[in-house]
Amino acid sequence: MTRVDHPAIVNIADLRDAAKRRLPRVVFDYIDGGADAEWTMRENARVFDDVLLRPRSAVATPSVDLRTTVLGTTLDLPFLLAPVGSSRMFYPRGEEVAARAAGEAGTIYTLSTLSGCPVRDVKAATRGPVWYQLYLIGGREVATTGIERAKNAGCSALVVTVDTPVAGMRERDVRNGTKELVSGAPFAMFPYLFQFLARPRWLAAYLRDGGLMSFPNIVLKSGPMPYADVGAALEQSMVSWDDFKWIREAWQGPIVVKGVHTADDARRAIDQGAAALVVSNHGGRQLDGVAPTLRVLPEVLAATGSQAEVLVDGGIRRGSDVVKALCVGARAVLVGRAYAYGLGAAGGAGVVRAIDILRAGIVRTMKLLGCATVRDLDRSLVAMPAEWRE
Ligand SMILES: Cc1cc2nc3c(=O)[nH]c(=O)nc-3n(C[C@H](O)[C@H](O)[C@H](O)COP(=O)(O)O)c2cc1C
């Protein structure tokens, strides 16, 4: 396994390279890829270049305080770990491992409905808060029991993802035979199996962890949902604004709506009782051609005012990206691939490394900007294109 404390692992791109070396192509591309031409995925990251920093020089900032509050919880970092489905495929007990690293760092881990570890085990693995991300897979009854399990496990917010009425067209997954590999049909699987043999260490760890798993947080009448059924299940599990009534009744705690792109949807989410919004396009994995998230953040902030907390995700690979998003106005950000690469490269040590890289980058950027606390980060510290100020 790659030593992630190695001096050659300097940034998130190095962790990505390390993940590429350890994971079979089908797993690496599942993390790394996006929808269709992957334009939105690339733009999410590139758009940070459109925001320029305006430092206040010669300001003494001997220590920098990264603490912030999200939905009433004080975090040691202004970033959270985003829901990343099937993390257990990247590393044994992947969701527990990532949650533990988040808790040690003083931040929140968000568990996907489509995870390989049960919510109870994930919550028990960390001393930090856990949010539960909801898909309505299996219908209302199955989702309600999932919500109950999340509540009983002690999750502190429910994240309802609203941008997934169907799975996006991930061309890399088609080429790598994802569907065939989870079909369980030997003849269909055969042409794609060699990518696993090229990664024997990953394969051994994966098999030790139980091999192809089901989804323990989606319990159908027949038992936990098998891997093979994900695509079809997502199409039958669309969430609509009308669903929020029963979701609110079942959950009775703070609701975060994830996947907001526009002022209209921000207002709808607030009308449905959202305590926080995540400006997100699912990391460019759903509708290709939507604007990068940082670009639409000002519009959503203007529509939301103080009615809900606004978070953003997409394309964050450096501490300075986090700082820019906070300067534009996000309360905090979520990171997806940045930690998923770490998990794929080296399990918990890789997630810790990803968090350390981002934390150090935020601290350094804030010192260079002349800011001692996250509260000081505002638009006076950035130059952004005039047409963004909506
Ligand atoms: C491999 C992978 C799996 C994901 N699975 C989910 C999921 O199950 N539910 C969800 O709401 N978002 C999911 N996302 C989207 C992330 O929560 C987040 O919005 C996105 O990764 C942010 O972009 P970034 O990866 O550029 O940081 C997934 C993202 C990745 C990369």
Side-chain angles (χ1 to χ4, degrees), residues 10-14 43-82 105-108 266 276-280 291-335 338-339 353-390:
V10 175
N11 60 22
I12 300 295
D14 295 329
E43 274 295 289
N44 274 347
R46 193 215 53 80
V47 77
F48 285 93
D49 295 344
D50 289 345
V51 174
L52 306 178
L53 294 164
R54 293 160 49 83
R56 287 185 202 119
S57 297
V59 177
T61 49
S63 70
V64 167
D65 183 358
L66 296 190
R67 274 176 307 171
T68 193
T69 305
V70 175
L71 295 180
T73 303
T74 301
L75 307 179
D76 292 336
L77 296 172
F79 63 90
L80 292 65
L81 303 199
T107 192
I108 292 168
L277 315 176
V278 185
V279 178
S280 173
T293 44
L294 192 68
R295 170 70 185 84
V296 295
L297 178 61
E299 173 183 334
V300 173
L301 283 163
T304 304
S306 58
Q307 292 176 284
E309 296 182 3
V310 178
L311 314 178
V312 65
D313 73 19
I316 288 167
R317 303 290 181 269
R318 291 185 177 275
S320 56
D321 297 339
V322 178
V323 171
K324 287 178 182 180
L326 300 184
C327 286
V328 172
R331 175 171 282 265
V333 307
L334 280 70
V335 297
Y339 86 86
R353 187 80 184 108
I355 291 173
D356 285 349
I357 288 169
L358 292 175
R359 184 199 292 106
I362 299 170
V363 168
R364 193 179 318 106
T365 305
M366 285 176 62
K367 284 189 176 181
L368 288 165
L369 276 177
C371 282
T373 75
V374 165
R375 271 189 318 281
D376 300 335
L377 298 174
D378 62 26
R379 288 197 189 171
S380 70
L381 295 157
V382 287
M384 56 187 207
E387 68 273 19
W388 286 25
R389 297 172 190 276
E390 284 151 69

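Because only heavy atoms are used, hydrogens play no part in the values below, and waters and symmetry mates are left out as well, while side chains stay in.
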### Query
Taking all atoms of both residues into account, what is the closest heavy-atom pair of Pro78 and Thr68, and its distance?
CA-CG2, 3.8 Å
### Query
Does Ile357 offer a backbone N or O that forms a donor-acceptor pair with the side chain of Asn11 under 3.5 Å?
no
### Summary
Leu277 and Ala308 have their tightest heavy-atom pair at CG-CB, 4.4 Å
### Query
For Gly329, does its backbone N or O pair with a side-chain atom of Arg379 as donor and acceptor, under 3.5 Å?
no
### Message
On a heavy-atom basis, which atom in Asp321 and which in Phe48 lie closest, and how many Å separate them?
### Response
O-CE2, 3.3 Å
### Query
Any side-chain heavy-atom pair from Thr61 and Cys371 closer than 4.5 angstrom?
no
### Message
Can you confirm whether Leu80 sits close enough to Val333 that some side-chain heavy atom of one is under 4.5 Å from a side-chain heavy atom of the other?
### Response
no
### Query
Just by modelled atom types, is the Asp313 backbone N or O under 3.5 Å from a matching donor or acceptor in the Thr293 side chain?
yes
### Task
Using side chain to side chain donor-acceptor pair (under 3.5 Å) as the criterion, list what pairs up with Arg56, not counting sequence neighbours.
Ser380
### Query
Less than 4.5 Å apart, any side-chain heavy atom of Thr69 and any of Arg331?
yes
### Task
Kindly indicate whether the side chain of Leu358, heavy atoms from C-beta on, has any atom under 4.5 Å from the side chain of Tyr339.
no
### Message
I'd like to check Arg295 versus Met384 (side-chain heavy atoms, cut-off strictly below 4.5 Å). Are they in contact?
### Response
no
### Query
What heavy-atom pair brings Val312 and Ala325 nearest, and what distance separates the two atoms?
CG1-CB, 3.9 Å
#### Entry: Student check: side-chain heavy atoms of Val382 and Leu53 closer than 4.5 Å
yes
### Query
So, Asp356 and Arg359, do they make that salt bridge, N to O below 4.0 Å?
yes
### Message
Within a 6.0 Å radius of atom CZ on Arg46, are there more than 12 heavy atoms belonging to other residues, nucleotides or ligands?
### Response
yes
### Query
With respect to Leu326, which candidate in Asp378, Asp376, Ile362, Leu377 satisfies the side-chain contact (heavy atoms from CB on, under 4.5 Å) definition?
Leu377
### Message
Can you confirm whether Ile355 sits close enough to Phe79 that some side-chain heavy atom of one is under 4.5 Å from a side-chain heavy atom of the other?
### Response
yes
### Summary
Rounded to the nearest 0.5 Å, the CD atom of Glu299 sits from the OG1 atom of Thr304 at a distance of 9.5 Å
## Note on the structure
d(Leu381 CG, Arg54 CZ) to nearest 0.5 Å is 8.5 Å
### Message
Whether the side chain of Glu309 engages the backbone of Val70 through a donor-acceptor N/O pair (distance < 3.5 Å, no angle test) should be reported.
### Response
no
### Query
Do Pro55 and Leu368 have side chains that get closer than 4.5 Å, going by heavy atoms?
no
### Task
Could you check Asp65 against Thr373 for side chain to side chain donor-acceptor pair (under 3.5 Å), going step by step and ending with a plain yes or no?
CA-CA 5 Å; Asp65 183 358; Thr373 75; over 6 Å; no
